[in-house]
Each structure stands twice: as C-alpha cells, then as structure tokens.
Amino acid sequence: MSLIHEIDYGTPASRSETMVTLTIDGREVTVPEGTSIMRAAMDAGIEVPKLCASDMMDAFGSCRLCLVEIKGRGGMPASCTTPVAPGLEVSTQTPRLKDVRRGVMELYISDHPLDCLTCAANGDCELQDMAGAVGLRDVRYGYEGDNHVKARNNGEINAKWLPKDESNPYFTYDPAKCIVCSRCVRACEEVQGTFALTIGGRGFDSRVSAGMAEDFMSSECVSCGACVQACPTATLTEKSVIEIGQPEHSVVTTCAYCGVGCSFKAEMRGEELVRMVPWKDGQANRGHSCVKGRFAYGYSNHGDRILNPMIREKISDPWREVTWDEAYAHVAAEFRRLQYQYGRDSVGGITSSRCTNEETYLVQKLVRAGFGNNNVDTCARVCHSPTGYGLGQAFGTSAGTQNFDSVEFTDVAVIIGANPTDGHPVFASRLKKRLREGAKLIVIDPRRTDIVRSPHIEASYHLPLQPGTNVAILTSLAHVIVTEGLANEAFIRERCDWSEYEDWAAFVAEPYHSPEATEAYTGVPADLVRGAARLYATGGNGAIYYGLGVTEHSQGSTTVMAIANLAMVTGNIGRPGVGVNPLRGQNNVQGSCDMGSFPHELPGYRHISDDATRETFEKLWGVQISNEPGLRIPNMLDAAVDGTFKGIYIQGEDILQSDPDTKHVAAGLAAMECVVVHDLFLNETANYAHVFLPGSTFLEKDGTFTNAERRINRVRKVMTPKNGYADWEVTQKLAQAMGLNWNYRHPSEIMDEIAATTPSFALVSYDYLDKMGSVQWPCNEQHPEGSPIMHVDGFVRGKGKFIRTEYVATDERTGPRFPLLLTTGRILSQYNVGAQTRRTDNVVWHAEDQLEIHPHDAEQRGIRDGDWIRLASRAGETTLRTLITDRVAPGVVYTTFHHPTTQANVITTDFSDWATNCPEYKVTAVQVMPSNGPSDWQQDYDEQARQSRRIAGKLEAAE
Amino acid sequence: MSHDTNAKLIYMANQIATFFKSQPQDEAAQGVATHINKYWEPRMRRKLFQHIDSGGEGLSPLVLEAASKIKRPEAA
C-alpha cells in the first residue's frame with residue numbers, strides 16, 4: 001500500500017473532437033483542440049513547473065513559473081493559458097527559462113517563512129517541490145524589509161502580518177504562508193460555487209480574504225474543503241494533518257453520507273485516518289466534496305460508540321453487557337419463541353440505507369430465509385418509495401434516468417422539492433457550475449432555498465407553492481405545455497402509448513387545471529407557471545431534479561407520475577442533459593431498494609408473487625419463500641399496536657427519531673417483546689430495545705454503496721472494526737444462531753450471489769468494480785459497461801405510460817386552531833437524524849433545530865428572533881427557538897429534524913402517500929406561540945432516554 | 001388521525017380508491033384491487049375483508065366494487 005498520487009494536468013481537459021499535433025521538447029504530441037500547452041506537455045509526461053495551475057480550475061496565469069518558449073513566437077508565454085496549435089514547437093526548458101523561473105521562485109521565497117522542517121505541509125508542499133524543481137539555491141534579497149512573515153520587524157509591529165485563523169474547526173488559514181496564487185479563491189468560485197473567498201488589496205498588499213476580511217467561520221464559507229485541497233502550501237491545512245502528520249498510505253472508498261456517493265481517498269497513517277480527500281476519478285463527485293464527507297468522520301471514534309453487545313429484559317432495566325455469543329443465542333431464542341407463540345409472521349426486520357449492499361442483502365435474506373416471511377422494509381419507505389412506485393408505473397423501472405455528469409449538458413434545470421445546496425452539496429456545485437455557464441433554472445419549492453438566488457445564480461422562475469399542492473402545480477405546467485402546443489408529439493408517437501397520451505392530454509387540458517384556476521390554492525401567480533412551463537418545454541435539454549419535497553406527501557406517488565409525464569410530453573428522456581433525477585437522501589438508499597429490502601420485492605425489483613424469481617432464490621437458499629407481500633414499516637407498527645407483531649431486527653436505522661408521529665412509533669415499539677437494534681450508538685430507537693448489537697462504520701468494512709445515479713461504488717476497509725465485527729458478519733452470526741448455514745468469508749462472495757440471482761447486476765463483481773472504478777446498473781450482457789443513461793432506445797416497460805394526475809388536497813388542513821403549515825428539511829452541516837454529524841464539530845454550524853417563520857406571522861404572535869416558541873399540531877407539541885426570515889412565505893413555517901431533543905416528529909402526523917405509505921412529513925398544520933422552554937413531553941422524553949441508556953456497572957452515558 | 005388501526009386501514013383503502021377514481025373508468029376497480037393485492041400483507045387484507053363483510057361502513061364505493069377482485073387471504 002502506498003499513497004495515491006493523482007496526476008495534476010494543470011488545466012481542465014478539452015472536450016473538442018478536433019485533434020491538434022505539436023512538438024514539445026522534441027516529442028510529437030496530439031491532443032484535442034483547446035488543450036493548454038501545459039496539459040499537452042503533461043500528457044506527454046513532461047511536467048512544466050507551476051504553482052497557480054490545477055486541472056480542477058481554469059487557467060489563471062499568475063505565478064509566472066510555467067513559462068515556455070515557442071519557436072517563432074516572441075517572449076515566454078505561460079503554458080497554462082496558451083492553447084496548443086498545429087505544428088508548434090515548444091521548449092519547456094531553456095537557459096532563459098531556467099533563469100527566469102529561478103528568479104520568480106526567489107521572489108516567492110523571499111516572503112515565505114523558512115520553517116519547512118516543522119511545517120505541517122512538509123512532504124506535501126508544492127512550493128518546496130517547485131523550489132527544488134527550478135534549482136533554487138539562494139535568496140539574494142534577504143528576509144528583512146517589507147514582509148508578511150514576521151509579526152514584528154525590528155521590534156516594530158508588522159501591520160502586514162496576520163495571525164493564523166483557526167476559527168474553522170477543521171482547517172487553519174495561515175496568511176504568513178500564502179503565496180497569493182488564488183487557487184483557493186478560484187476553487188471556491190469554480191468548483192464549489194460559493195464565492196466566499198477573494199483577494200483583497202493590490203500589489204504587495206494582496207491577500208486572501210474570507211468574506212469581507214472576516215475570519216473563515218464568520219464568512220459565507222461552507223467548509224467544503226476545496227480551498228484546502230487546492231492550496232499548494234501550508235496556508236490552508238487540515239487540522240488533522242497539523243496534529244497527526246502526513247499520511248503514508250491511502251485507500252479509495254465511498255462517502256457514507258448522502259446519495260451523491262462521493263469517492264474519497266482515505267489517507268491513513270497506520271490505522272489512523274489522517275484525512276479524507278475527494279478523489280478526482282470519482283465519477284459522481286469529480287474531485288469535489290462537502291463539509292460532511294470531507295471532515296465529519298470524527299463520530300467513528302466518538303466516546304458514545306457502543307463496542308459490546310448488550311441485553312436487558314425490560315426496557316426500564318439498565319443494559320447488561322454480554323458476549324457476542326450470548327447476544328446471538330438470546331436473539332435467536334427470542335425470535336423463535338415469538339414465532340412459536342404468535343405465528344411465523346410476528347417478527348420482521350429493517351434493512352439500512354446506511355449499510356452496504358451486501359449487508360442489506362443479508363438482512364432481507366435473514367428475514368425471508370430465516371424468519372420465513374417477507375416482513376422486511378427499509379428507510380426508503382419514508383423517503384423515496386413513491387419514486388419507485390411512480391417511475392415504475394410510468395417508465396417500467398424505478399431507476400433515476402441519468403448520471404450526474406448529465407448536468408453538464410442541461411439547458412433548463414427544474415428543481416422540485418429539493419434543496420441541493422444543503423442536501424446534495426456536491427451535486428449542487430456541479431449544477432451551479434452549469435448554471436453559471438448559462439443554463440436556466442426553475443425552482444418549485446415553498447421556501448426560497450439558497451439556489452433560488454445566490455452569487456452568480458438566479459432562478460428564472462421560483463414557484464413558491466403552498467405545501468401539499470405539488471400535483472396541482474405540475475398538472476398546471478402540463479396544461480400549459482399541452483394547450484399551447486408545446487408537446488413533443490414526434491417523441492410521444494415514437495416512444496409512448498399514443499392513446500394513453502391522448503387521454504392524458506385531454507385530462508390536463510381541462511380548464512380547471514389551468515394556472516389561472518389553480519392559483520387560488522397553490523398560491524403561485526399564473527404567469528409564473530406559464531413562463532416556467534414554456535421555458536422547460538422550449539429551452540433545450542430539460543432536466544428535472546427532485547427530492548423528498550415531492551415524495552413525502554399524501555400524493556407523493558402521484559407527483560412522481562406527474563414529473564414523468566412532464567419529461568415524456570417534452571421528450572426530455574433518453575439522452576445526456578435531460579431526464580428525471582431523484583436526489584436520494586442516504587448513501588445507499590438506492591442500493592437498499594435494489595437489494596430487495598421492500599416487503600413485496602426480491603432483489604432487482606421483482607415482485608414476490610413472481611414464481612420464477614422466487615424459485616431462483618428458493619433453489620439457492622434451500623427454503624420456501626412466501627408469495628405474499630410482508631408488512632411495511634408503518635404497517636409493522638400498526639400490527640404491533642394490534643398485538644400481532646412482536647419482534648424486530650433493526651439494522652442502522654433510528655425509526656423513533658426519523659419516522660413520523662413519534663408517539664405512535666413509540667407505542668408500536670413498546671408493544672413488541674424483542675426489539676433488536678444494531679447500530680453505532682444507543683440511538684433513540686434503542687430506548688425501546690431489548691438487545692443492542694454494536695455496529696461498524698463505513699471505514700471498518702468492505703462492501704459497495706449504490707448512489708442516486710445507480711452507480712455501484714466500492715467501500716473499502718481502512719481500519720479494524722472497533723466493535724470487532726463488520727455488520728455483515730454480525731448478521732451472518734445471527735443467521736447461524738437461527739440455524740441457517742451461511743458461510744460468507746468476504747463481502748465479495750455476497751456480491752457474487754447478488755450477481756448470480758439478479759439480472760441487472762449480472763456482471764458486477766469486486767474484480768470488475770476494481771477494473772472499472774464503478775458501474776451503473778443495469779450492468780449485464782446487454783450493458784457490459786453499465787448504464788449511465790436509461791431509456792436510450794425505448795422505455796424499459798416498452799411504451800412510456802402517461803397517467804392522469806388528479807390533485808387531491810391532503811386531509812391535513814389548516815384551520816383556526818392550527819393556522820400555519822409546517823414543512824421540514826435539512827441543513828448542510830447536519831445529516832438526517834444527526835447521529836453522526838452531531839458527534840462531530842459540525843455542531844458549530846447548527847447546534848439546534850430552529851423554526852423558520854415569516855416576519856408577518858412572527859409579528860402577529862409577538863415572537864422575536866431567537867425566542868423559545870411552542871410548536872403544536874394535532875399529533876403533539878414541542879418547543880424550539882425561532883429564526884425569523886422571509887425565506888418562508890407567510891403561513892408557512894419550516895424546521896430541520898437533526899436533533900433528538902427537538903423531536904420535530906412529535907409534530908408530524910401519520911398521514912401518508914396513498915400508494916406506498918411514505919409519510920407526509922412535508923405538510924403539518926401547526927400553531928406557534930411563545931413559550932418559556934421545553935415542553936412536558938420533551939422533559940419526560942429526556943428523562944426516559946436518560947434512564948434507558950444506563951449500562952450496569954458503568955457511569956451514565958452522556959448523549 | 002386516530003391510532004385506531006382499523007380506521008387507518010379504511011382511510012388507506014379510500015386513499016387508493018381516490019387515486020384510481022380519477023383514472024379511466026374501466027381500469028379503476030381493477031387498479032384498486034391490483035394495488036392492494038400487490039402491496040397489502042395478508043393480515044391487512046384480512047382486516048379489510050372483516051370490515052367489508054360486516055357492512056363496509058366508511059369504505060369508498062370503488063373499494064367495495066374492487067372487493068371481488070381482491071385476493072382473500074387464507075384464514076389466520
């Protein structure tokens with residue numbers, strides 16, 4: 001093992017198909033037109049010295065180190081900013097170039113501290129490398145006089161010197177070491193798209209400035225780490241590198257946060273993780289990262305991690321540590337007892353979207369082969385299950401249609417019910433890059449999310465609809481497209497069922513679907529809807545990106561169908577730049593669905609009633625599989641309340657915090673006799689557990705995650721599991737204790753079984769993934785290299801199906817008692833229920849959930865910014881602090897659900913999507929009023945949680 | 001909404017009917033039945049039939065129309 005060194009070509013690749021041949025240092029080189037001389041040289045293996053250039057950003061031409069000479073041209077042009085031309089004869093090393101470069105380096109070094117031995121970048125410093133490359137032997141100017149290096153000059157205060165900025169928890173900014181190459185500023189602009197950094201001053205006074213000469217923490221910086229990665233010196237350095245030192249080996253793996261699925265190099269020293277650096281060859285992230293994947297991994301060795309299995313008889317007892325064998329035997333005996341006593345269908349399991357495909361596959365296999373029923377579900381139930389249903393109906397597969405690279409070809413992006421800058425930040429950066437290149441943007445969201453208007457980005461249309469009226473708006477958009485003759489009839493005739501289209505077109509053309517008619521309840525002015533529809537239908541490649549603001553509604557599935565209709569009616573399917581793109585929440589929510597985690601489906605989305613599919617697995621597993629669908633999570637909880645569901649094995653999901661109507665979830669869990677929680681921490685659900693099995697982190701196991709673009713990425717083990725076992729091993733041992741003859745020696749063997757049984761994974765193996773980097777399913781004989789774009793030559797189901805989408809108002813209505821609508825979402829620095837991010841320094845950005853409320857609504861209630869308020873719905877009440885903002889419309893309030901003390905889901909109701917039971921998190925009628933502090937429920941809950949986390953013989957575990 | 005699981009089941013069945021009511025009429029009842037057959041666990045269907053058999057109060061007419069096409073689970 002060694003450290004992976006990626007080649008930096010200095011400038012981005014050119015997309016041109018016209019090739020140009022030139023000569024560099026006597027070698028003939030052929031490259032695409034538009035390539036820089038610097039990149040062409042690197043292609044030929046010739047490294048031109050450089051400091052300000054990086055292939056992550058456009059050429060800048062400021063460091064004057066990459067000069068070359070070109071025969072027949074005067075002077076010494078910078079190779080980064082000079083494009084190739086046919087027949088050029090370039091020299092990268094001549095006596096004149098050597099002198100000039102050495103002179104330039106001498107000037108740099110004359111204003112740079114010479115503490116190389118104790119510098120954090122020692123061993124990873126491009127300035128040092130370049131000094132070596134140009135043969136710098138002497139600095140004739142001395143270090144006296146004007147400089148940025150010393151705090152004092154001859155006893156006098158040096159006004160040019162600035163102290164280190166250590167305000168960011170993860171990296172430091174040391175202005176004394178800055179060479180003003182602007183790489184950080186350009187990374188912030190071009191890669192991340194935040195524009196938090198700039199160069200202040202001019203000439204010798206020039207320096208990097210965060211915001212308006214603020215510290216990094218006070219500036220707009222989102223801590224994505226792109227600047228740190230770009231910095232050629234120790235000016236911007238990870239605090240972990242300062243503390244530990246330089247890494248000695250690295251392993252490519254996949255981030256375990258959101259559904260973007262970024263590839264990272266885990267840079268290690270022994271088994272200690274030094275830092276996570278985004279991998280340029282990662283096909284989802286292309287070398288970029290966000291604050292979570294880049295920095296927020298500290299939870300993996302947080303003191304709260306539970307490392308020994310534990311058991312208790314009653315949930316009011318303290319936990320008792322036991323051996324693994326005792327724990328397995330106990331669970332096996334309990335589940336067998338429950339099945340004997342209450343029937344085969346009285347137990348079930350929940351697979352985790354946080355775990356690997358292989359682990360998920362094993363949990364559903366344990367339920368189907370070991371428990372003998374189909375009571376298995378996964379957290380996709382509460383997020384993207386309507387996507388599966390809706391796209392399955394319309395296109396014949398639940399798959400999102402594009403890869404992330406597709407956005408580079410999009411002309412009109414439509415974002416519906418998603419907040420990518422917070423929820424899917426690396427994708428958002430790629431989208432913003434495309435928007436800055438001129439693509440247009442339509443945002444359909446009750447809130448004015450950051451992407452609506454931010455530096456160098458402005459949506460052409462923002463449709464601030466009332467929560468719950470998605471179907472009405474989307475059907476209105478279709479109305480405009482159809483009635484104004486903007487439908488792509490050629491596409492529809494070729495690719496869709498024409499009679500279904502005619503039926504649907506007549507339906508949407510009804511006057512009551514017109515924007516003028518729907519305006520009354522959507523709250524969106526009709527002219528905005530008309531404008532947006534025209535832009536999407538006529539603006540070139542139109543791509544729809546959507547999130548949980550679409551799915552988590554009573555009409556979630558209908559909304560997904562409405563989105564599919566829009567894509568089909570405009571012909572925006574089947575090529576780069578277009579499509580229907582569900583932005584998935586969790587790292588492996590796509591994979592957990594693929595692996596047969598739903599109670600009605602075997603791996604590969606094949607219905608449980610299909611005899612041939614069942615037979616495949618029955619033969620392999622040597623068991624009979626029930627042909628009846630099992631219970632979904634909400635159904636399990638209902639059945640538990642009814643007394644027919646008694647035991648559950650929950651791997652890596654915190655349903656008590658993440659699922660709606662907390663009181664109902666608690667009642668369901670409390671009614672069960674054996675709740676087994678397999679997790680890193682004593683999460684909220686564990687308050688109701690009888691058995692706790694310690695889990696392992698993504699750093700501690702091998703496996704695969706499948707991201708939102710269906711990309712199967714390798715997860716690679718970089719350290720020994722602190723709890724002793726990877727999660728797949730625990731499930732296997734549990735299965736063995738229940739009498740199943742499982743003997744997987746490595747997750748690759750599990751993947752082999754998946755490939756053997758699931759046609760869309762037929763060619764997938766660890767060897768193949770190592771060879772390809774990653775593949776997007778379907779990956780089989782027909783698509784040996786995977787499938788970046790779906791439905792290229794026709795829909796999976798044959799003809800695309802237009803489906804009528806009638807708007808039905810949710811039964812969750814506002815009224816005199818609950819006049820406001822609450823909608824929920826995420827924030828950049830925190831992730832989901834926060835179990836991981838709350839256990840990192842990310843809390844400095846978001847220490848508590850806040851209620852966003854419009855100034856008008858706040859004023860009416862006598863509420864000031866930061867006040868404690870009571871938030872009440874028909875389901876329950878809680879308290880939190882306010883944030884007064886006009887990002888939300890009057891009548892709408894918003895909060896996040898990252899903190900268990902807030903218990904936002906005490907408020908949400910158990911209304912759900914008609915087709916999939918996906919909860920309606922996004923619409924709850926509430927009232928807001930001033931309050932003095934935590935509600936009785938919060939205090940009771942806190943006390944109960946504290947009690948239930950006691951471990952016999954140990955001090956009380958602090959959250 | 002109450003925690004009465006029977007009421008919830010009726011509500012869910014009616015929600016499904018509401019969607020299919022808006023679809024072409026000749027597909028509506030079959031649509032409801034197919035959906036329930038594909039996604040409802042037997043004990044949910046059993047409860048639904050218990051309710052239908054005892055009069056089906058509160059159920060949408062489309063659910064009642066679909067009932068003959070819904071798979072009746074074996075007795076528990």
Side-chain angles (χ1 to χ4, degrees), chain A residues 343 345-346 348 373-375 385 389 393 499-500 503-504 507 554-555 557-558 561 598-601 607-609 626 628-632 634-645 661 663-664 667-668 803-808 810-812 874-875 909-917, chain B residues 1-51 54 58-67 69-76:
Chain A
D345 297 334
S346 64
N373 61 43
N374 288 312
N375 292 331
S385 52
Y389 182 82
Q393 296 290 312
S499 71
E500 278 167 356
D503 172 78
W504 173 83
F507 166 82
S554 287
Q555 281 200 291
S557 292
T558 317
M561 294 176 202
F598 286 137
H600 63 277
E601 273 169 357
H607 199 268
I608 198 78
S609 62
S626 164
E628 286 280 15
L631 295 166
R632 300 170 285 196
N635 312 143
M636 290 180 193
L637 294 166
D638 289 344
V641 171
D642 284 348
T644 64
F645 191 79
D661 198 357
K663 289 178 183 177
H664 181 61
I803 303 171
R804 294 190 202 173
T805 55
E806 186 81 79
Y807 168 64
V808 181
T810 168
D811 285 325
E812 179 67 11
R874 292 180 184 92
T909 67
D910 65 357
F911 285 116
S912 67
D913 173 46
W914 66 269
T916 64
N917 275 160
Chain B
M1 192 190 283
S2 84
H3 289 166
D4 173 354
T5 54
N6 210 36
K8 205 152 130 188
L9 209 71
I10 295 168
Y11 184 84
M12 281 162 54
N14 288 347
Q15 262 187 306
I16 294 166
T18 303
F19 174 81
F20 284 101
K21 207 158 61 190
S22 70
Q23 301 306 305
Q25 221 191 331
D26 49 329
E27 299 165 21
Q30 187 59 53
V32 172
T34 305
H35 190 88
I36 289 178
N37 285 336
K38 272 180 91 167
Y39 301 103
W40 281 30
E41 201 252 6
R43 78 191 91 170
M44 296 166 70
R45 301 205 308 271
R46 200 172 294 128
K47 260 175 101 160
L48 178 69
F49 275 112
Q50 274 166 11
H51 187 74
S54 58
L59 278 173
S60 142
L62 188 57
V63 178
L64 296 174
E65 190 190 327
K69 302 181 178 76
I70 299 174
K71 234 165 73 185
R72 204 175 262 270
E74 295 157 25

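Computation of the quantities below employed the complete heavy-atom set of this structure, encompassing side-chain atoms and omitting hydrogens, waters and symmetry-equivalent molecules. To find a chain, count down the sequence lines: A is the first, B the second, and so on, and within it residues start at 1.
By the 30° and 60° cut-offs, the orientation of the rings of Phe911(A) relative to Tyr11(B) is tilted.
Chosen from Met44(B), Met12(B), Arg43(B), the residue pairing most often with chain A at heavy-atom distances under 4.5 Å is Arg43(B). Listed options Glu812(A), Glu628(A), Gln555(A) were ranked by heavy-atom pairs under 4.5 angstrom with chain B; first place goes to Glu628(A). Taking chain B as the reference chain and counting heavy-atom pairs below 4.5 Å, the highest number among Ile608(A), Thr916(A), Asp811(A) is found for Asp811(A). Of the listed residues (Thr644(A), Val808(A), Asp913(A)), the one with the most heavy-atom contacts under 4.5 Å to chain B is Thr644(A).
The CG atom of Asn37(B) sits 13.5 Å away from the NE2 atom of His600(A) when rounded to the nearest 0.5 Å. Separating the OH atom in Tyr39(B) from the CG atom in Asn917(A) is a distance of 12.0 Å, to the nearest 0.5 Å. For the atom pair CG of Asn635(A) and CG of Leu9(B), the computed distance is 8.5 Å after rounding to the nearest 0.5 Å. To the nearest 0.5 angstrom, Ile803(A) atom CD1 is 9.5 Å from Glu27(B) atom CD.
For chain B, the nearby part of Met561(A) is the side chain; its heavy atoms alone come within less than 4.5 Å. In this structure, the portion of Tyr389(A) lying under 4.5 Å from any heavy atom of chain B is its side chain and not its backbone. For Ser557(A), no part lies near chain B; criterion is any non-hydrogen pair under 4.5 Å. Residue contact with chain B, scored on non-hydrogen atoms closer than 4.5 Å, involves the side chain of Ala639(A) exclusively.
Between Asp642(A) and Lys47(B) there is a salt bridge, with a side-chain nitrogen of the basic residue lying less than 4.0 Å from a carboxylate oxygen of the acidic one.
For the pair Asp345(A)/Glu41(B), a side-chain contact is recorded, criterion being any heavy-atom separation below 4.5 Å from C-beta on.
Shown here for Pro42(B) and Pro629(A), the closest heavy-atom pair between the two residues is CD-O, 3.4 Å.
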Kindly list each side-chain donor-acceptor pair under 3.5 angstrom involving residues 13-23 of chain B, sequence neighbours excluded, with atom names and distances?
from, atom 1, to, atom 2, distance (Å)
Asn14(B), OD1, Ser60(B), N, 2.7
Asn14(B), ND2, Gly58(B), O, 2.8
Gln15(B), NE2, Ser912(A), O, 2.7
Thr18(B), OG1, Asn14(B), O, 2.8
Ser22(B), OG, Phe19(B), O, 2.7
Gln23(B), NE2, Arg804(A), O, 2.8

